[in-house]
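Along the sequence shown, residues carry numbers from 1.
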Amino acid sequence: PFPDDDDVYPPAFNEDSRIRNAYIKAYILSTRHGATHSAVQEYLISMRDTLRLTEEATGIGIEGLDSMAVTLYTAER
């Protein structure tokens, strides 16, 4: 659904949709709800752990999960 031009969107938009959704929600938590960087980090770690459990339960891998950002700063890059 997104253009192939890498200059149009941040790299996070090229991630698996489940990871991308976590990044978007983390950004919203920070910008709209005043979540601290520490709180966002805890959220992203929790989402990564949940997605790992999903992989284990279903046997279906999630591309990019091993390199998923767990800090807002890294996700924004």
Side-chain angles (χ1 to χ4, degrees):
F2 295 105
D4 291 333
D5 186 355
D6 291 337
D7 294 334
V8 176
Y9 296 103
F13 280 90
N14 293 321
E15 299 285 347
D16 179 279
S17 62
R18 292 160 286 197
I19 296 172
R20 184 173 59 240
N21 185 57
Y23 293 159
I24 291 168
K25 289 184 182 243
Y27 178 78
I28 291 169
L29 285 170
S30 176
T31 60
R32 302 290 288 165
H33 301 288
T36 64
H37 282 263
S38 178
V40 170
Q41 182 174 4
E42 288 299 320
Y43 167 76
L44 288 171
I45 290 170
S46 174
M47 288 304 302
R48 183 191 60 197
D49 293 346
T50 300
L51 291 172
R52 281 187 177 150
L53 291 171
T54 301
E55 277 187 324
E56 291 175 16
T58 64
I60 300 170
I62 298 173
E63 187 177 342
L65 188 56
D66 290 336
S67 60
M68 180 179 172
V70 292
T71 66
L72 186 59
Y73 174 75
T74 305
E76 290 176 334
R77 296 177 87 205

request  = Evaluate the side-chain proximity of D49 to L53: yes if any heavy-atom separation is below 4.5 Å, no if none is.
outcome  = no
inquiry  = Taking side-chain hydrogen bond (donor to acceptor under 3.5 Å, both in side chains) as the definition, give me every residue that meets it alongside R52, ordered by chain and number, with sequence neighbours left out.
reply    = none
task = Check L44, I28, T74 against Y23 for a side-chain contact (heavy atoms from CB on, under 4.5 Å) and give me the one that passes.
result = L44
query = OH of Y43 to NZ of K25: how many Å apart, nearest 0.5 Å?
reply = 5.5 Å
inquiry  = Test side-chain contact (heavy atoms from CB on, under 4.5 Å) on V40 and H37; report intermediate values, then the result.
reply    = CA-CA 5 Å; V40 170; H37 282 263; 5.7 Å; no
message = As an exercise, state the distance from CE of M47 to CG of N21, rounded to the nearest 0.5 Å.
response = 6.5 Å
Quiz: residues 55-70 side-chain donor-acceptor pairs under 3.5 angstrom, not counting sequence neighbours:
from: E55; atom 1: OE2; to: I62; atom 2: N; distance (Å): 2.6
from: T58; atom 1: OG1; to: T54; atom 2: O; distance (Å): 2.8
from: T58; atom 1: OG1; to: I60; atom 2: N; distance (Å): 3.1
from: S67; atom 1: OG; to: G64; atom 2: O; distance (Å): 3.3

